[in-house]
S.K.: 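I have a structure I would like to understand better, so I am pasting it below and will then ask my questions one at a time.
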Amino acid sequence: MKITLQTMKYNNPYNDRFNDNSQRNNFVYSNNSKPQSFGSKDGSKVFAWFGKMSDVAAEKIAKWFTPILINNRLIQKAATKFQDSKNLLTHSLAVGSIITSGVYMTTTLRNHNLDKDRKKTLAINQGLTSLVSLILSYSAEKALAKKWNAVTNRFAAIQLNDKNLFDTAKEKSLNPKFDISEYINTTIKEGKIEAKAGKLLKAKIGGMGVLKSTIIFASIFRYIVPVTITPIANVLGDRHLAKKKATKVAMATTQTV
């Protein structure tokens with residue numbers, strides 16, 4: 001019996017990362033992608049129903065919601081003011097979180113199964129939780145900004161096969177005038193990377209930023225602050241209600257005597 005053994009050669013990815021002979025811009029494109037369709041698939045009634053419902057929903061939103069939102073002067077002024085803001089996503093997440101907290105507070109105040117004092121206490125708790133979460137989220141974004149810039153700079157350096165950028169990523173992250181998107185545009189103009197590859201790289205970096213901000217806001221608004229503050233707020237609220245109830249009882253007793 002003849003046995004043939006095949007061996008594989010493994011290279012250290014870090015040593016070969018900036019090898020001049022390594023392949024640059026390892027991007028894969030496909031022109032075969034098709035847009036998502038919610039219509040009928042192979043005559044399926046289920047897909048046809050979902051397609052019909054999505055069309056109806058889109059028409060209702062376009063008719064009743066979009067005109068009110070777009071024609072709102074306050075919304076138009078806010079859009080004009082923040083259209084060029086680099087923190088537009090952060091502001092949008094903050095607004096969405098505030099709206100969600102407002103819905104919670106409104107639902108609590110309309111809950112007929114709770115007494116008046118309890119509803120007010122819970123609503124105040126939800127409002128303060130939202131305020132603390134908002135402050136902590138913006139603080140975390142600001143505190144992590146420079147470190148995150150260093151991460152994205154190193155990521156871009158690996159994709160661009162740029163050893164100098166990789167080695168100076170931290171220093172460049174401390175420079176407020178350095179913009180990784182502009183750096184990528186420069187490499188495109190210099191012919192070091194194809195325009196399509198550069199565009200895709202900038203999209204990846206932008207997506208990483210979106211993911212980072214979303215995780216920060218979601219974890220602080222929906223987990224860290226509620227888990228930390230809610231038990232404390234409940235204890236304080238119970239003490240307040242108990243003290244208020246005792247005061248009412250004492251007043252009633254005094255009036256009776």
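The structure displayed is predicted, hence computed values, not measured ones.
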S.K.: Should Val227 and Val132 be regarded as members of a common hydrophobic cluster, given that ILVMFWY residues are connected when their side-chain heavy atoms come within less than 4.5 Å of each other, either directly or indirectly?
M.R.: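 As far as the 4.5 Å side-chain criterion goes, Val132 and Val227 are connected within one cluster.
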
S.K.: Determine whether Trp148 and Thr152 make a side-chain contact, defined as any pair of heavy atoms from C-beta on separated by less than 4.5 Å.
M.R.: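 Heavy-atom side-chain distance check passes, below 4.5 Å.
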
S.K.: Checking one residue: Leu211. Which other hydrophobic residues are in its cluster under the side-chain 4.5 Å linking rule?
M.R.: Ile215

S.K.: If we only count heavy atoms from C-beta on, is the Gln126 to Thr107 side-chain gap below 4.5 Å?
M.R.: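 Side-chain contact under 4.5 Å: no.
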
S.K.: A quick test of your reading: do over 12 heavy atoms of other residues, nucleotides or ligands sit less than 6.0 Å from NZ of Lys119?
M.R.: yes

S.K.: Would you compute the distance between atom CG of Leu201 and atom OH of Tyr183 and round it to the nearest 0.5 angstrom?
M.R.: 11.5 Å

S.K.: Closer than 4.0 angstrom, basic N to acidic O: yes or no for Glu194 and Lys196?
M.R.: no

S.K.: Ser173 versus Lys147: any side-chain heavy-atom pair under 4.5 Å?
M.R.: no

S.K.: If we ignore hydrogens and angles and just use 3.5 Å, is the side chain of Thr228 paired with the main-chain N or O of Val225 as donor and acceptor?
M.R.: no

S.K.: After noting the C-alpha distance and the side-chain angles of Lys192 and Leu160, does the key distance pass the side-chain contact (heavy atoms from CB on, under 4.5 Å) rule?
M.R.: CA-CA 8 Å; Lys192 297 179 180 180; Leu160 295 171; over 6 Å; no

S.K.: Run the side-chain contact (heavy atoms from CB on, under 4.5 Å) test on Phe217 and Ser133 for me, step by step, so that the C-alpha distance in whole Å, both residues' side-chain angles and the decisive distance to 0.1 Å come before the verdict.
M.R.: CA-CA 8 Å; Phe217 270 77; Ser133 299; over 6 Å; no

S.K.: How long is the gap from CZ on Phe178 to CG on Asn153, to the nearest 0.5 Å?
M.R.: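 Here the interatomic distance stands at 5.0 Å.
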
S.K.: Given side chains that start at C-beta, do those of Asp162 and Phe166 come closer than 4.5 Å, heavy atoms only?
M.R.: no

S.K.: Do other residues, nucleotides or ligands put more than 12 heavy atoms under 6.0 Å from the NZ atom of Lys202?
M.R.: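 Enclosed.
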
S.K.: My understanding is that a hydrophobic cluster links ILVMFWY residues whose side chain heavy atoms are under 4.5 Å apart, including indirect links. Using that, what else belongs to the cluster containing Leu131?
M.R.: Ile135

S.K.: Are Ile216 and Leu136 linked, directly or through intermediate hydrophobic residues, by side-chain heavy-atom contacts shorter than 4.5 Å (ILVMFWY only)?
M.R.: yes

S.K.: Kindly compute the distance separating NZ (Lys172) from CG (Asp167), expressed to the nearest 0.5 Å.
M.R.: 9.5 Å

S.K.: Measuring from atom CD of Glu141 to atom NZ of Lys212, what distance do you get when rounded to the nearest 0.5 angstrom?
M.R.: 4.0 Å

S.K.: Do you reckon Tyr138 sits in the same ILVMFWY cluster as Leu93, going by side-chain contacts under 4.5 Å, direct or chained?
M.R.: yes

S.K.: Tell me whether Leu144 shares a hydrophobic cluster with Ile224, the cluster being built from Ile, Leu, Val, Met, Phe, Trp, Tyr side chains joined at under 4.5 Å.
M.R.: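 Result: yes, single cluster for both.
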
S.K.: Please report the interatomic distance CG(Leu165) to CD1(Ile180), rounded to the nearest 0.5 Å.
M.R.: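 If I round to the nearest 0.5 Å, the distance is 5.0 Å.
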
S.K.: Could you work out the complete set of other residues in the hydrophobic cluster of Leu128, with links drawn between I, L, V, M, F, W and Y side chains under 4.5 Å apart?
M.R.: Ile124

S.K.: Starting at NZ of Lys199, measure out to OG of Ser181 and round the result to the nearest 0.5 Å.
M.R.: 13.0 Å

S.K.: Determine, step by step, whether Phe155 and Val151 satisfy the side-chain contact (heavy atoms from CB on, under 4.5 Å) criterion, reporting the C-alpha distance in whole Å, the side-chain angles of both residues, the deciding distance to 0.1 Å, and the verdict.
M.R.: CA-CA 6 Å; Phe155 173 77; Val151 171; 5.5 Å; no

S.K.: Does the side chain of Thr129 come under 3.5 Å of the side chain of Asn125 through a donor N or O and an acceptor N or O?
M.R.: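 The answer is yes; a qualifying pair exists.
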
S.K.: State yes or no: do Leu114 and Met105 share one hydrophobic cluster built from I, L, V, M, F, W and Y residues joined by side-chain heavy-atom distances below 4.5 Å, directly or via other members?
M.R.: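 Result: no, two separate clusters.
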
S.K.: So does Ile184 get a backbone contact from the side chain of Thr187, meaning a donor-acceptor N/O pair under 3.5 Å?
M.R.: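 The answer is yes, because a donor-acceptor pair under 3.5 Å joins these two groups.
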
